[in-house]
Every structure is written in C-alpha cells, then in structure tokens.
Amino acid sequence: MTTWKSIRCSPAQLRLDVTLCCGQAFRWRRDEPSGEWRTAMKGVVWRLKQEENDIRYRIEMGKDQAKKPLNAESFLRDYFQLDVDLVSLYENWSSRDDTFKRVSSNYSGVRILRQDPVENLFSFICSSNNNIKRIGSMIEKMSQTYGEFLMELDGYKYHDFPLVSKLADERVESQLREMGFGYRAKYINQSAKKILDEHETADWLFSLRKLSHEEARRELLQLPGIGPKVADCICLMSLDKTESIPVDTHVQQIAEKLYGLKGKGKSLTGKLYQDIGGHFRRLFSPYAGWASSVLFVSDLRQLQIQRKRPREQ
DNA sequence: TGCGCGCCTTGAGG
DNA sequence: ACCTCAAGGCGCG
C-alpha cells in the first residue's frame, strides 16, 4: 500500500495548475473536490497535490501491477525536471528582457515537462489546426481505446498511453476517424507504422535525446503529420532540446505585438518562423524554449478564464 | 529552393 | 444560419 509523500518544491518552481493544462501534456485531470491532479503513466496512477512548499504525491497500483519496481520520487523529479532552477531562469530572462519581466509576472512556475517521446509525438500529431480542449478529449479517447487498462479510481478508468504497436494496427485509421480525429487519423497510423518498419522499436524515439536539436528535428520531419512546429514541440518537451522554440499562432502573435516581428503577409513563412526562433534564442538562451513557453501561456485565453474561477465563488 | 495558396476534420464560440 | 478559429501539415504551382 502506498501513502502520501512529499517533495520540497515551491509554487515559484512549479505550478501544477498552469503547467499541467497549458497544452504540453493532455492527460492530466483535476479531481474534485480533492483538488488533486491525476493521470496514468508507467503502469500506475499518479496523484499530485500542490501545497504551500511541497508537491504531495502518491501512486496507486492495480492488483497485478507490482511487476517492475518504480521509484516514484525519482520519476517525478525527472518528469518535472526539478534539477532545473526555474526561479533563477525567470530572474535571468527578466534581467535580459523587460517585456518578459512584465508579462511573466502573472505566470510564475511554468515549467517544461520531460515527457515520454511516444506520448508526446502522437499527442502533437493531433494538435495541428486544433485547440487544447479537443486535443485533450481526443488523446483521452485514444488512450481508453488502445492503452492498457490499469485500474478504476473514484469511478474513473485509467489507461496507460497506447504502445506504438497498437497504433500501427491496420484498423486504427478508420477507427480514429469514427472517433472524430479527422485527417489526423491517417498521420497517427502511418507514423506508428513507419517507426516500427524503419526503426524496429519505439526505443528509437528515446535515442533522439542523444542527437543534436538539428539532427533530431530532421529525423522527426520524416514522419507523416510532423512538420516544423510539431517537430520542435517534441524536441522541446521530450527530447531535452531546451533551445527548441515551437512557433504557433500564439507565439507568432506575441512576436508581432510585443516584439515587433512580422513578415510581409500575415502567414507564417519559413523565414518568419526562423526569425522568431532566432530572436527569442538570442534573448533567452540556453533555455529559450522554456522562456517562450511562458510567453505562450500568457497568450492563452483558456487559462485566463480558469485562473479567475477560484476567486468567483 | 522558397513562398503563397487551397485543402483537410471537427466542434466550440462569436 | 454562418463565420472564424484552434499549439499545422501537405501538395501544388
């Protein structure tokens, strides 16, 4: 039986509410009324709660899931990259850029997760021309359908994220289409097949951590449904490329409104994509991707609504 | 090679 | 009812 334990960690170093629902991971859910954040990973259910100076945590295991030993604390330290001192980074970025200083003051504790590349990759194939809310429900359906069932907790069924081999099955494309995935259904199925065909196992994805940003990016771009932006998301969020800057519509708007960077038209050309990334890298290196994610969060209307909720009652 | 354009699915919000 | 937009990618000219 597991019990609650805690890791010393201030909200300035990590804010669960913003970090877990700002569109980098899509399977965390807030449980009410406990206020816990819950998800399934590595064969167990994770329960987290933010306290004043600690992150409290515990894991739940199903009956036959004591297979492999799992050090929960070291997993969480790795997943949240707690060795990275976020407070120092904010100070550094703020000292180098007044705009960041002003904008970030309302968004402390926004941290890049070190995710599983498989989940990260297939989640972000779903992200194209889509919104965070719907991406979340799509990933949820995918996990319920193809991921291993772990256990039920408080009436909710928890599944691991699907194995690549499950997503490579012939029937997956039509099934995902029926589930409302649209044109992304084909990309998911084809990318899964291609990974297994050309690289034997999904371990290949983890091996990209050892490559440079440019090399890893070039590999990812070979997969269907993965363009420059999604490749940079994967590089940043699961492959340790801290300088990777995914430029989406939000980052583009911030670059234009707050930093005066704009192209000739309103479309995001390859040149503008590189200019924006280059500008932020000059400002915020070597953790430029982390800094740009803070700016990204500040532009999310979805979060601004959520932030007001607790005060209204 | 680089760029601009239309198209691709769905569903929430205006 | 109709439009736009949402962490875009692809194929074409």
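Residue numbers start from 1 in every chain, and the chains themselves are labelled A, B, ... in the order their sequence lines are given, proteins ahead of strands.
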Between A:Phe149 and A:Lys157, does a side-chain contact (heavy atoms from CB on, under 4.5 Å) hold up when you go through it step by step?
CA-CA 7 Å; A:Phe149 172 73; A:Lys157 291 184 169 61; 3.8 Å; yes
Once the angle between the rings of A:Trp204 and A:His199 is folded into 0 to 90°, is it parallel (under 30°), tilted (30 to 60°) or perpendicular (over 60°)?
parallel
What is the distance from NZ of A:Lys271 to P of B:dC3, rounded to the nearest Å?
8 Å
Please confirm whether any donor atom in the side chain of A:Arg177 sits under 3.5 Å from an acceptor in the base of B:dT9, or the reverse.
no
Under 4.0 angstrom, heavy atoms only, what part of the nucleic acid is A:Phe296 near: base, sugar-phosphate, or nothing?
base
Taking every non-hydrogen atom, the tightest pair across A:Asp160 and A:Lys42
OD1-N, 3.3 Å
Rounded to whole angstrom, note down the P distance from C:dG9 over to B:dA12.
24 Å
Please check if atom CD in A:Glu32 has more than 12 non-hydrogen atoms from other residues, nucleotides or ligands closer than 6.0 Å.
yes
Between A:Gln24 (CD) and C:dA7 (P), how many Å, whole number?
14 Å
Could you check whether A:Ser285 and A:Glu243, counting side-chain N and O atoms only, form a donor-acceptor pair closer than 3.5 Å?
yes
Side-chain donor/acceptor contact of A:Asn129 with base of B:dT10 under 3.5 Å
no
Nearest listed nucleotide, side chain of A:Gln253, among B:dG13, C:dG8, C:dA6
C:dA6
Note: for A:Phe26 and A:Leu223 on DNA chain C, the residue whose nearest nucleotide lies more 5' is A:Phe26
Interatomic distance at C1', C:dA6 relative to B:dC8, whole Å
14 Å
Start with the C-alpha gap between A:Arg38 and A:Asp154, add the side-chain angles, then the distance that decides, and say whether salt bridge (Lys or Arg N to Asp or Glu O under 4.0 Å) holds.
CA-CA 11 Å; A:Arg38 298 178 178 178; A:Asp154 293 334; 2.8 Å; yes
May I ask you to decide whether A:Lys166 forms a salt bridge with A:Glu148, counting only side-chain N to carboxylate O separations under 4.0 Å?
no
CD1 of A:Ile132 versus P of C:dA7: gap in Å, rounded?
5 Å
Using only heavy-atom distances, decide whether a donor-acceptor pair under 3.5 angstrom links the side-chain of A:Arg134 to the base of B:dT9.
yes
If I take atom NZ in residue A:Lys186 and atom P in nucleotide C:dG11, what distance separates them, rounded to the nearest angstrom?
9 Å
What is the distance, to the nearest angstrom, from the CG atom on A:Asp248 to the P atom on C:dG9?
10 Å
If I take atom OH in residue A:Tyr273 and atom P in nucleotide C:dG9, what distance separates them, rounded to the nearest angstrom?
7 Å
Taking the C1' atom of each, how far is C:dA7 from B:dG4, in whole Å?
22 Å
Taking any heavy-atom pair under 4.0 Å as a contact, classify A:Met237: base, sugar-phosphate, or nothing.
base
Stems involving DNA chain B: give each as a range paired with a range, ordered by first number, where a stem means at least three consecutive Watson-Crick or G-U wobble pairs under 3.5 Å.
B:3-8 with C:8-13, B:10-14 with C:2-6
Can you tell me how far C1' of C:dC10 sits from CD of A:Gln190, to the nearest Å?
12 Å
Would you mind classifying the nucleic acid contact of A:Gly23 as base, sugar-phosphate or nothing, using non-hydrogen atoms under 4.0 angstrom?
base
What does A:Ile135 touch in the nucleic acid at a heavy-atom separation under 4.0 angstrom: a base, only the sugar-phosphate, or nothing?
nothing
Expressed in angstrom and rounded to an integer, what is the separation of A:Tyr183 atom OH from C:dG8 atom P?
9 Å
Using atom P of each nucleotide, how far apart are B:dT9 and C:dA1 to the nearest Å?
24 Å
Under 3.5 Å, is there a donor on one side chain and an acceptor on the other for A:Ser88 and A:Glu91?
no
